[in-house]
Structures are given as C-alpha cells and as structure tokens.
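As structure tokens, the structure follows; a few thoughts come after it.
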There are 2 protein chains.
Amino acid sequence: MNDLPDSPFAAGLDAGLREFVGYTMKRATSAVTADAARVLEPMGLRITTFSALSVICHSPGVRQTELAAALGMERSNSVAVIDKLEKAGWIARERKSTDRRAIALRPTTVGLARQKQARLALLAHEDRLFAGLTAAERRDLVKLLSKIEV
Amino acid sequence: MNDLPDSPFAAGLDAGLREFVGYTMKRATSAVTADAARVLEPMGLRITTFSALSVICHSPGVRQTELAAALGMERSNSVAVIDKLEKAGWIARERKSTDRRAIALRPTTVGLARQKQARLALLAHEDRLFAGLTAAERRDLVKLLSKIEV
DNA sequence: GCATTTTGTTATATGTCATAACAAAAATGG
DNA sequence: CCATTTTTGTTATGACATATAACAAAATGC
C-alpha cells in the first residue's frame, strides 16, 4: 500500500550522481577500458600487461621497481604481470651486473612485434570509441585530465 | 655486460602510453576515486554504497534491477551492496503489492541524513581535487566525457 | 494452462589493489 | 671494516570489484 509515489522517472536514475565529476569519469573510463580489454584479449594481453610491455619496449633495461612506479602499481603486484610477459616470451629478465639485486627487463623480438601490433589495434579502438570527439576535443580532454593527477 | 644502454630517462617512463586517452583517463580516475573513497570511509560508505544510497534517496521505491542498471552493475552484485545499506539502517526493503517478486527500496530518515552529509563531503573533496580547474573547465570535462559513453 | 521471462538471490571465479613479511644484496655511517 | 639500515624482487594474504551461471518464486504471453 505504500508503493504508490515511487520514483518519478525510470531513465536517468543516476542523474543525482552526475553532479560529481568523479562519477562521470568513472563511468566513461569503465566503458573505455572494457572496450580496450576486449581489443587486447585476442592478442593474449590485458591492459596491465600491455602497459608494462609498452614501458619495457620504450625503455629497455628498466627495473621492476621503476616499472611499477611508472604505472602507479605496487612492486608486489608487478611480479605476476612480469611473470606473464616472460612466460609468453615477450620480455626477458636479466640480472644487472652493476646491482645484483636488480633485474633489467628487456623486450624480445616477438615482444616488440606484439607491442606494435597491440598499439595499432588500440589506436584504432580509440578512434572508434572517440568518434564523437574531434581531435582538438581529445587533446582538450587529455589536457584537462592531466591537470588533476598530482 | 649488456646493461649499459638501458633507458634514456627515468622520469616519464609511461610517456609512450600517454598517446592513449584511455590511459590518462584511467590514471586520473583512479586518483579521484581513491580520494573519494578516503572521504567516504569514515562515514562507513564506499563509492558503490554511496552511489546506491544516492539513487535510492533520489528515487524512493526503485527496484533492485533498476538500481543495478542505473549504476551499470550486475543485479547479482547489487545484492551485497543493498544488504550493507539495509544492515546499516539506511534503507529498507519493502515488498511491492503490485509485483510480489519485486522489492521497493526506500531510504530511512537516518539514510537520508547520511546521504546529505556524504554528498557535502564529496563536493568538498571535488572542490579540493579539482582546484586546478576552473568551473568552466570542469563543465567542459564532464561534457567531453559524456560524449564517450554510449 | 503451459512455456517463457523477470526478479531477487546464491555461488563461484577472476582480476585489481593494498599490506605485511622475507632473503639477498647494496648503501650508509661511524 | 663492521653493524645497521635501506633497497629489490618476491610470496602470501585479504579486501573489493566484476562477470557468469544457476535457481525458486512470481508474473507474463500466447
């Protein structure tokens, strides 16, 4: 008997949350990352593994701690990621002669090729997903987002 | 002997990833949500529970399926969230007389107060976090992000 | 009236993320 | 030079998010 007034409209039930920039950011990001994951999956990559592989390809010899810091993840969590890249044959762990604790991460030939292929697929994915935005708008978006993170 | 060339520079190791809009989105969003979670935690709320509570406060009588759809989550995962809100005494589950399967979610007086309090804290948090952006820039950011999600 | 769909729910698996602890190696500091 | 501290990679663990499958009860559709 008490369910007569109910909600005014079904669509836009989250309208009250749209006043928060963070909510819109989270929703949009989740849409983008889900699509990116879908693109990477057939290549045996996930977002995290692709990110790590990209850093290693761009900066061969990088240490695991540096890699984790660059990607904003914990050292401990980077181990499994690097394990997967190594087992796939895309990177190699090499002991550094100057510091026998540290490990230098280097891409293999196959790893370099896979990164290039995945990069192109991801760029195409973003072209598709951001079709509603002009190139200038995408730059604006990145510029605005970059002002947030400290 | 093979670790001499190494990486060119330590800072900006993720520079190669910045060409992807999604990467910058993910980094910025993670910074914002982490801070929001920190703000909500002392009030016994998480981002998900606050979002659900807000929808219920704005649309009393909403069904669980509608709530889950509004927040972009699975029905099954919404159960635990609603359980927590109910156990905290912030919402109540009421059987609908028109559809005995469905459940109408309604906020309690305490729940309404808690939502208002958390909303203000979150607005303050965003004011702090987005201090580098003008009000116009924040609107632009939301406008650009809204063009992405389909 | 019977098959199908919807709703809330449970169980489960996977991925993400943070923290604590540890051994080996290096750096530091008398 | 030697003892203490720090760093590096690593393992283990727990909290949380998220996706899927299955199910009973209720509603809906021919």
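So you know, we letter chains A, B, ... as the sequences are listed, proteins then strands, and number each from 1. Remember, it's a predicted structure, so these values are computed and weren't measured experimentally.
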Please tabulate, one pair per line, all N/O donor-acceptor pairs under 3.5 Å involving side-chain atoms of residues 36-49 of chain B, not counting sequence neighbours.
residue, atom, partner, partner atom, Å
B:R38, NH1, B:D35, OD1, 3.1
B:T49, OG1, B:R46, N, 2.6
B:T49, OG1, B:R46, O, 2.9

Rounded distance in Å - NZ (B:K96) to C1' (D:dA25): 17 Å
Charged N-O contact under 4.0 Å between A:E137 and B:K147: yes
Length of the line joining B:D83:CG and C:dT9:P, which is rounded to integer Å: 7 Å
Residues which pass side chain to side chain donor-acceptor pair (under 3.5 Å) with A:S54, listed by chain and number, not counting sequence neighbours: A:Q115
For A:R101, salt bridge (Lys or Arg N to Asp or Glu O under 4.0 Å) partners two or more places apart: A:D99
Pairs flagged by ring-ring contact (aromatic ring centres under 6.0 Å, His included) wherever residues 14-38 of chain B is involved - sequence neighbours left out: A:F50-B:F20
salt_bridge(B:E19, A:R119) N-O dist < 4.0 Å: yes
Contact under 4.0 Å: A:T65 side-chain N or O vs D:dG9 OP1/OP2: yes
Gap between atoms CD and C1', on B:Q64 and C:dT6 respectively (whole Å): 13 Å
Listed partners of B:R114 passing salt bridge (Lys or Arg N to Asp or Glu O under 4.0 Å), at least two apart: none
Residue-phosphate contact under 4.0 Å: B:R63 side-chain N/O, C:dG8 OP1/OP2: no
Contact list for residues 77-134 of chain B, test ring-ring contact (aromatic ring centres under 6.0 Å, His included), sequence neighbours left out: none
Nearest-angstrom distance from the residue atom CD1 of B:I103 to P of C:dT6: 18 Å
Atom-pair distance (CD on B:E94; C1' on C:dG8), nearest Å: 16 Å
Helical bend (five base pairs per end, nearest 10°) for the helix from C:dG1-D:dC30 to C:dG30-D:dC1: 30°
Summary of protein contacts for nucleotides 13-26 of chain C, nucleotide by nucleotide, where a base hit scores B, a sugar-phosphate-only hit scores S (4.0 Å, heavy atoms): --SSBBBB----BS
Please table the atom pairs, donor to acceptor, closer than 3.5 Å between any side-chain atom in residues 72-83 of chain A and protein atoms at least two apart or in another chain.
residue, atom, partner, partner atom, Å
A:S78, OG, A:R75, O, 2.6
A:D83, OD1, A:R93, NH1, 2.9
A:D83, OD1, A:R93, NH2, 3.0

Earlier contact from the 5' end, DNA chain D, for B:V81 and A:V79: A:V79
